[in-house]
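Input: a single structure, listed below in structure tokens.
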Amino acid sequence: QVQLVESGGGLVQAGGSLRLSCAASGRTFSTVAMGWFRQAPGKGREFVAAINWSGTRTYTADSVKGRFAISRNNAKNTVYLQMDSLKPEDTAVYYCNAEISWGTWSPGKYWGQGTQVTVSS
């Protein structure tokens, strides 16, 4: 059974940092692109960041560029999202996604359950 499990969310003040983790099990994802999406209350799911299979290429959405960074450790089958200089508008449920389409940023079929990030002003 394939599972993506996110962790690391929580409540943080504006300007603070959080590091999200996404641990995969059931199969290896070391050969596919991985990504993060988020969904704020009352809004649709939004692409945040992606990383290619080897970790040599990354892409972040304009809304988080310069503040968020995605990385991966294929030996641990884990993807990370380092979030710095957090803003209240970053408040959302953050989802890990596997097999994201590179360039179009369309999500793949595997999703985690999500982790809540709340940024207070």
Handout entry: Geometric class of the Phe47/Tyr59 ring pair [parallel <30°, tilted 30-60°, perpendicular >60°]
Key =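 Tyr59 vs Phe47 ring planes: parallel.
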
Can you tell me how far the [atom1] atom of [X] sits from the [atom2] atom of [Y], to the nearest 0.5 Å?
X     : Y     : atom1 : atom2 : result
Leu81 : Cys96 : CG    : SG    : 9.5 Å
Ser25 : Asn77 : OG    : CG    : 8.0 Å
Met34 : Thr78 : CE    : OG1   : 9.0 Å
Asn74 : Ser54 : CG    : OG    : 8.0 Å
Leu20 : Tyr94 : CG    : OH    : 7.5 Å
Glu6  : Tyr95 : CD    : OH    : 8.5 Å

Group every Ile, Leu, Val, Met, Phe, Trp and Tyr by side-chain heavy-atom contacts under 4.5 Å, then state whether [X] and [Y] land in the same group.
X     : Y      : value
Leu86 : Tyr80  : no
Phe29 : Ile100 : no
Val93 : Trp105 : yes

Handout entry: Glu99 and Arg27 ion-paired at < 4.0 Å
Key =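 Counted as a salt bridge, because a side-chain N and a carboxylate O are separated by less than 4.0 Å.
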
May I have the list of side-chain donor-acceptor pairs in residues 62-70 shorter than 3.5 Å, sequence neighbours left out?
residue, atom, partner, partner atom, Å
Ser63, OG, Glu46, OE2, 3.4
Lys65, NZ, Thr60, O, 2.8
Arg67, NH1, Ser85, O, 3.0
Arg67, NH1, Asp90, OD2, 2.7
Arg67, NH2, Ser63, O, 3.0
Arg67, NH2, Asp90, OD1, 3.0
Arg67, NH2, Asp90, OD2, 3.4

Problem - Side-chain heavy-atom pair Arg57, Ile51 within 4.5 angstrom cut-off - result: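 Not touching, per the 4.5 Å side-chain cut-off.
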
Problem - Ser71/Gln82 under side chain to side chain contact (heavy atoms under 4.5 Å, CB included): CA gap, chis, key distance, verdict - result: CA-CA 8 Å; Ser71 61; Gln82 178 66 41; over 6 Å; no

Exercise for the section: Say whether Thr91 and Glu89, considering side chains only, have a donor N or O and an acceptor N or O under 3.5 Å apart. Expected result: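 No, Glu89 and Thr91 have no side-chain donor paired with an acceptor closer than 3.5 Å.
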
Heavy-atom donor-acceptor pair, [X] side chain to [Y] backbone, under 3.5 Å:
X      : Y      : answer
Arg72  : Asn52  : yes
Asn97  : Tyr110 : yes
Thr115 : Gly9   : yes

Problem - Trp53 atom CH2: more than 12 heavy-atom contacts under 6.0 Å - result: no

